[in-house]
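The shown structure was predicted, so the numbers you read here are calculated from the model rather than taken from an experiment. Counting from 1, the numbers follow the sequence of the chain as shown. Excluded from the calculations below are hydrogen atoms, water molecules and symmetry mates; all remaining heavy atoms, backbone and side chain alike, are included.
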Amino acid sequence: MTASLLRRRAPAILGAVLAAALPAVPARAAAPDLDALKQAALAKVEARRGLTQQMVDSLYSFAEIGFEETESSAYLTGILEREGFAVERGIAGIPTAFVASWGSGAPVIAMMADLDGLPGLSQKPGVPKHDPQIEGGPGHGEGHNTGPALIVTAALAVKELMQAHGLPGTLRVYPGVAEELGASRTYMVQAGLFKDVDAVLGVHVSSNFSVSYGQYGVGVVSTQFTFHGRGAHAGVSPWLGRSALDAVELMDVGWNFRREHLPPEQRSHYVIVDGGVQPNIVPSTATVWYYFRESTYDRIRELHETARRVAQGAAMMTDTTVSEKVIAAHWPRYFNRPMAEAMQANILRVGMPAWSDADQRLARAAQRELGVEEVGLATQTSGLKPPGNSLGGGADDIGEVCWNVPTIVLRYPANIPDMVMHHWSSGIASATPIAHQGTTAGAKAQALMALDLLLRPELVQSAKAFFATQTSKQKWQPLLPPGTTPPLTVNREKMAPYRERLKALRYDPTKYRTYLEQLGIPYPPAE
């Protein structure tokens, strides 16, 4: 070989020598197209149907209320850690809150679901009449036991696909702790837990399969007014006393007269949580707990300030003083249109569950018990819901997230139409095949949507552009007063009497296929 030829061929010769010396590296397989990945995701969620059912039933049996979700939180974080997620507990100063993360880099996709039950709503699942498991005990009278099962199932399915195909991105799972108090996600936002998140996929139980965009519902301030008076013997020397209970009652009367002159969009309601100790002692302290709901930040603030003036007036009339403790506050929900449109396509791809005759019989029996039309379970999905009016309605602290990150909420079919929310009837289906099937259907749509965000960068950009328009005129600012901390003990006394009794009712999936089987409840119920 001549010198000139050697010089020309030297790079090729050197490459061949190095290739022979180094171990062979397999070529990276090209990632399948999005449609193929979605088909695989559907199969992976389906393969986890048994795990989904176990999570639904277990959380139902724990029946834990806001800030008391210790077993529920430990159960879910245990599953996520076993599947390779890194878990940080006690986030935002809330012991039962956590964030579970897997993956790295952008996009960062968060999945969120409510976790808590409600006081006094214990109900035997699958029984279409009021039949509490523990009289007066807590229960899932809105079906929040299903949402965490949905997002964990979806996250595990998507994580497996990301791992298999080397897909970049980060999955996060957050719980909606104490959502019925509206009292966790506001604190999560203020702790900066969503600053690097690109999109939030929330879920909420429903009797149909739908998603919406634009403003939905109202925002809220939840606050307690405590009046401070002077005790005295109510029979011997009542004139020496200054009744804090009188002040509470006068505030409530004053507020009820004021309602006539408030905008029709507002909703306000209260309970007296401390009215004194016994009738022959003039109450030296008394507390009333109000929720003030309105459709915009400014109106929420105005409604709250009006209530503060009424409270001061009641204190002046009774020679007492008044202090206030804000429990929670959050904005109305505002959902992202590009994300909602993408989710609607995934809902249509999944479709409604194929309900059995037993499912329909339970639904009609429950509807008959409540005196509503016996329509059974829905068999068609709802269309994409545009913005509606904001006349009253529910509130959800995911609203605080909506004004900080592009967000949607998937409503999935795991309950019976026309059941009453915050009522024992909404617990009838929540640990039955209706809930199991509806939650699996929701997990499929959620997994498909996560893949859209991972593999369609143009969707993420469209979502961010919509969010920028949403927030261009109305900038988020906190409704919580500075220094407000989570009200961690507000439900402690309500939960404490039932913890030991609930242990005996805890679902054991190692012995029983379903919670209904463990409880000996036939499905469907006898006519």
Side-chain angles (χ1 to χ4, degrees), residues 26-48 52 80 83-86 99-113 150-174 194-203 209-211 213 335-351 381 384 401-402 405-410 412 440-468:
R28 179 177 171 181
D33 64 22
L34 179 56
D35 189 70
L37 278 173
K38 285 189 170 186
Q39 198 60 37
L42 294 174
K44 290 187 181 300
V45 171
E46 184 66 27
R48 289 174 168 83
T52 306
L80 288 161
E83 293 287 343
F85 280 71
V99 56
S101 303
W102 188 89
S104 62
V108 179
I109 302 166
M111 298 186 186
M112 299 193 74
L150 188 161
I151 62 170
V152 170
T153 300
L156 296 184
V158 174
K159 173 249 182 184
E160 187 175 341
L161 288 170
M162 291 174 70
Q163 199 167 30
H165 299 287
L167 302 180
T170 304
L171 295 178
R172 292 200 188 141
V173 175
Y174 299 80
F194 299 94
K195 283 185 176 179
D196 64 341
V197 173
D198 292 293
V200 173
L201 302 178
V203 299
F209 218 173
S210 65
V211 66
Y213 64 89
F335 298 137
N336 191 273
R337 182 169 185 169
M339 289 169 58
E341 290 171 343
M343 179 62 89
Q344 177 64 19
N346 291 318
I347 289 171
L348 293 175
R349 179 166 182 164
V350 174
T381 63
L384 179 63
V401 179
C402 292
V405 188
T407 302
I408 56 170
V409 168
L410 168 69
Y412 56 96
T440 291
K444 289 177 178 178
Q446 185 86 332
L448 299 186
M449 183 65 196
L451 289 172
D452 277 329
L453 291 167
L454 285 169
L455 295 171
R456 294 175 54 199
E458 73 279 7
L459 174 59
V460 176
Q461 291 307 310
S462 295
K464 289 184 176 182
F466 183 91
F467 180 76

key: Evaluation steps, side-chain contact (heavy atoms from CB on, under 4.5 Å), between N336 and F467   = CA-CA 7 Å; N336 191 273; F467 180 76; 4.3 Å; yes
request  = Verify side-chain contact (heavy atoms from CB on, under 4.5 Å) between R172 and D196, making sure each step is shown before the conclusion.
outcome  = CA-CA 11 Å; R172 292 200 188 141; D196 64 341; 2.7 Å; yes
query = Run the side-chain contact (heavy atoms from CB on, under 4.5 Å) check on M449 and L459 step by step: do they pass?
reply = CA-CA 11 Å; M449 183 65 196; L459 174 59; 4.0 Å; yes
query = Yes or no on side-chain contact (heavy atoms from CB on, under 4.5 Å) for D198 and L453, after CA distance, side-chain angles and deciding distance?
reply = CA-CA 9 Å; D198 292 293; L453 291 167; over 6 Å; no
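A heavy-atom distance below 4.5 Å is found between the side chains of M343 and I347. In this structure, the side chains of R349 and D35 come closer than 4.5 Å at one or more pairs of heavy atoms. Between V158 and Q446, the closest side-chain pair of non-hydrogen atoms is not below 4.5 Å. The side-chain heavy atoms of E83 and W102, taken from C-beta on, include no pair separated by under 4.5 Å.
The OG1 atom of T52 sits 8.5 Å away from atom CG of L156, with the distance rounded to the nearest 0.5 Å. Distance OG1/T440 to CG/L42: 11.5 Å, rounded to 0.5 Å. A distance of 9.0 Å separates NZ of K444 from CZ of F209, quoted to the nearest 0.5 Å. Rounded to the nearest 0.5 Å, atoms CE (M111) and OG1 (T153) are 10.5 Å apart. Going from atom CG of L410 over to atom CD1 of I151 covers 11.5 Å, rounded to the nearest 0.5 Å. Remark: K159 NZ to L167 CG distance equals 13.0 Å, nearest 0.5 Å.
Taking all atoms of both residues into account, the shortest heavy-atom contact from V211 to A340 is CG1-O, 3.4 Å. Across all non-hydrogen atoms, the minimal contact from S462 to P338 is O-CG, 3.6 Å. Taking all atoms of both residues into account, the shortest heavy-atom contact from E160 to K44 is OE2-NZ, 2.8 Å. Residue L454 comes nearest to G169 through the heavy atom pair CD2-CA, 4.1 Å, listed as atom of the first residue, atom of the second, then distance. Taking each heavy atom of V173 and A155 in turn, the nearest pair found is CG2-CB, 3.8 Å. Nearest heavy atoms, I109 versus A450: CD1-O, 3.6 Å.
Partner of V200 under the side chain to side chain contact (heavy atoms under 4.5 Å, CB included) criterion, out of V401, I408, V409: V401 alone.
Side chain of T407 to main chain of F335: no donor-acceptor pair is present (N/O by atom type, distance under 3.5 Å, no hydrogens or angles).
For F194 and Y174, the ring centers sit closer than 6.0 Å to each other.
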